[in-house]
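Have a look at the structure below before the remarks.
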Amino acid sequence: MVEHLPIDLRRRALLGAAGALIIQGILLPTTASGQTTSAPKMKIGVIGAGHIGSTIGGLWTKAGHAVFFSSRHPEELQDLVARLGPLAQAGTVDQAIAFGDVVFIAVPYGAVPQIGRDYSKSLAGKIVLDANNAVASRDGAIAEEVERNGIGVTSQKYLPGARLVRAFNTLSYMTFEREANRPAPRLAVPIAGDDQEAVEVAARLVRDAGFDPVEVGKLADASRFQRGAPGYGQNVSAAELRQKLSLAP
C-alpha cells in the first residue's frame with residue numbers, strides 16, 4: 001500500500017488545482033480581450049427598477065444572467081419582464097433579495113436608510129452593488145451626511161453587514177444603454193469596496209454588462225466618483241479614467 005501513496009497525493013493535488021481554477025473562473029470570467037467566457041451565470045436581485053435598475057439589469061439578462069426585478073409596485077414591471085425575456089422576472093423586494101447571489105440597488109438615496117431598516121438581515125453577507133446617488137434637493141439631510149463622510153462609508157452605515165461595492169453611479173442610463181459593448185476601448189465604470197471578493201464579482205458584472213471596470217479603492221475612496229467629484233460623469237475609457245484619478249495604469 002505504501003507504494004501507491006505518491007500517486008494518491010498527486011491525484012489530490014490535481015483535484016485541488018482544478019477546484020481553484022473553477023473558483024477563479026467564476027470571479028475572473030474574461031479573456032485578455034475583455035470578452036466573456038463560459039463561466040457560470042449568476043442570479044441577480046434588483047431593488048429599484050427605474051431607469052438605472054432596468055437598464056443595467058437588462059444588460060445582464062443579455063449576458064445570460066437571471067435577473068429578478070423588484071419595486072414597491074411589482075405589477076408595474078410586467079412590460080419590462082416581457083421585453084427582456086425568460087431570464088427576467090419581477091416581484092417583491094424580499095423575493096429579489098432571496099433570489100439573488102448578488103443584489104443591485106438603484107433607488108433615490110433617501111430610501112437607503114429605510115431599505116437598511118427593512119432588509120438588513122436578509123442583505124447581511126450578500127454582495128450588494130450600490131448605484132445610488134445623493135441629491136440634496138431630493139434626498140434632504142442624508143445628502144449632507146454624504147458630503148461630510150463620503151457616499152461609500154455612508155451607504156455601508158445604513159446597509160450593515162452587506163458586502164458593499166459602489167458601481168454604476170457615475171453616468172445616466174441613456175449613456176449606459178448607448179455605450180454598452182461598444183468597440184474597444186470600452187466605457188469605464190469605476191468601482192470601490194472593502195471586500196475584495198465582492199469587488200471581483202462586481203468587476204465581472206461590469207464586464208458582462210459591456211463595460212470596463214476601474215477599481216478605485218476602498219469604500220472610503222468611492223467619494224472620488226460620487227456626484228461632483230472628479231470621477232463622476234466621465235464618459236471615458238478605463239485608461240483615461242485611471243489617468244484622471246491618478247491611479248496606476
Side-chain angles (χ1 to χ4, degrees), residues 24-69 77 79-90 96 100-106 127-133 165-193 198-216 225 231-245 247 249:
Q24 185 182 35
I26 292 172
L27 293 176
L28 302 171
T30 56
T31 66
S33 64
Q35 300 299 310
T36 56
T37 69
S38 58
K41 299 304 181 182
M42 302 184 74
K43 296 191 298 182
I44 304 165
V46 176
I47 301 176
H51 290 314
I52 289 291
S54 62
T55 298
I56 301 303
L59 292 171
W60 284 328
T61 64
K62 291 177 182 178
H65 298 291
V67 179
F68 195 114
F69 297 91
L77 303 179
D79 288 345
L80 170 67
V81 168
R83 175 168 55 84
L84 293 178
L87 288 175
Q89 55 185 305
D101 301 316
V102 174
V103 175
F104 180 56
I105 305 180
I127 295 174
V128 175
L129 274 58
D130 168 24
N132 313 304
N133 286 313
V165 182
R166 289 283 297 167
F168 292 110
N169 71 290
T170 59
L171 294 163
S172 72
Y173 78 95
M174 294 176 288
T175 301
F176 285 129
E177 190 172 59
R178 182 181 66 247
E179 302 290 350
N181 295 298
R182 74 185 189 189
R186 287 182 166 191
L187 178 68
V189 171
I191 61 177
V199 169
E200 289 172 5
V201 170
R204 172 198 169 172
L205 290 175
V206 168
R207 293 187 189 98
D208 286 357
F211 310 102
D212 274 347
V214 173
E215 293 186 30
V216 176
F225 57 94
Y232 186 82
Q234 297 290 346
N235 186 347
V236 296
S237 69
E240 291 170 316
L241 184 60
R242 290 189 184 97
Q243 186 175 35
K244 287 177 181 293
L245 295 178
L247 300 172

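- Minimum heavy-atom separation, I52 to A106: CG2-CB, 4.0 Å.
- Of the possible donor and acceptor atoms, none in the side chain of D130 sits under 3.5 Å from a partner among the backbone N and O of R166.
- Qualifying side-chain contact (heavy atoms from CB on, under 4.5 Å) partners for Q243, counting only residues two or more places apart in sequence or in other chains: none.
- Judged purely by atom type and a 3.5 angstrom limit, R242 has no side-chain atom pairing as donor or acceptor with the backbone of V216.
- With sequence neighbours excluded, the residues that form a side-chain contact (heavy atoms from CB on, under 4.5 Å) with A180 are L59, F211.
- A donor-acceptor pair under 3.5 Å is absent between the side-chain atoms of W60 and the main chain of V67, judged by distance alone.
- Taking OG1 from T55 and CD from E177, the interatomic distance works out to 5.0 Å, rounded to the nearest 0.5 Å.
- Under the side-chain contact (heavy atoms from CB on, under 4.5 Å) criterion, R178 pairs with T175, N235, not counting sequence neighbours.
- Nearest heavy atoms, I44 versus F104: CG2-CB, 4.4 Å.
- Here D101 does not pair with K43 in a salt bridge; the nearest charged N to carboxylate O distance is not below 4.0 Å.
- Interatomic distance, I105 CD1 to N169 CG, rounded to the nearest 0.5 Å: 13.0 Å.
- Taking CG from L187 and CD from Q234, the interatomic distance works out to 10.5 Å, rounded to the nearest 0.5 Å.
- Here the CG atom belonging to L84 is positioned 8.0 Å from the NZ atom belonging to K62, to the nearest 0.5 angstrom.
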Exercise. Do D212 and V206 pass the side-chain contact (heavy atoms from CB on, under 4.5 Å) test, and can you show the C-alpha distance, the side-chain angles, and the key distance before you say yes or no?
Worked result: CA-CA 6 Å; D212 274 347; V206 168; 6.0 Å; no
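- Remark: S237 pairs with P185, A239, E240 by the side-chain contact (heavy atoms from CB on, under 4.5 Å) rule, at least two apart or across chains.
- Every residue was checked against the ring-ring contact (aromatic ring centres under 6.0 Å, His included) condition with F69, not counting sequence neighbours, and none meets it.
- Among residues two or more places apart in sequence or in another chain, the salt bridge (charged side-chain N to carboxylate O under 4.0 Å, His left out) test is passed with R182 by E179.
- A salt bridge links D208 with R204: the distance from a Lys NZ or Arg NE/NH1/NH2 to an Asp or Glu carboxylate oxygen falls below 4.0 Å.
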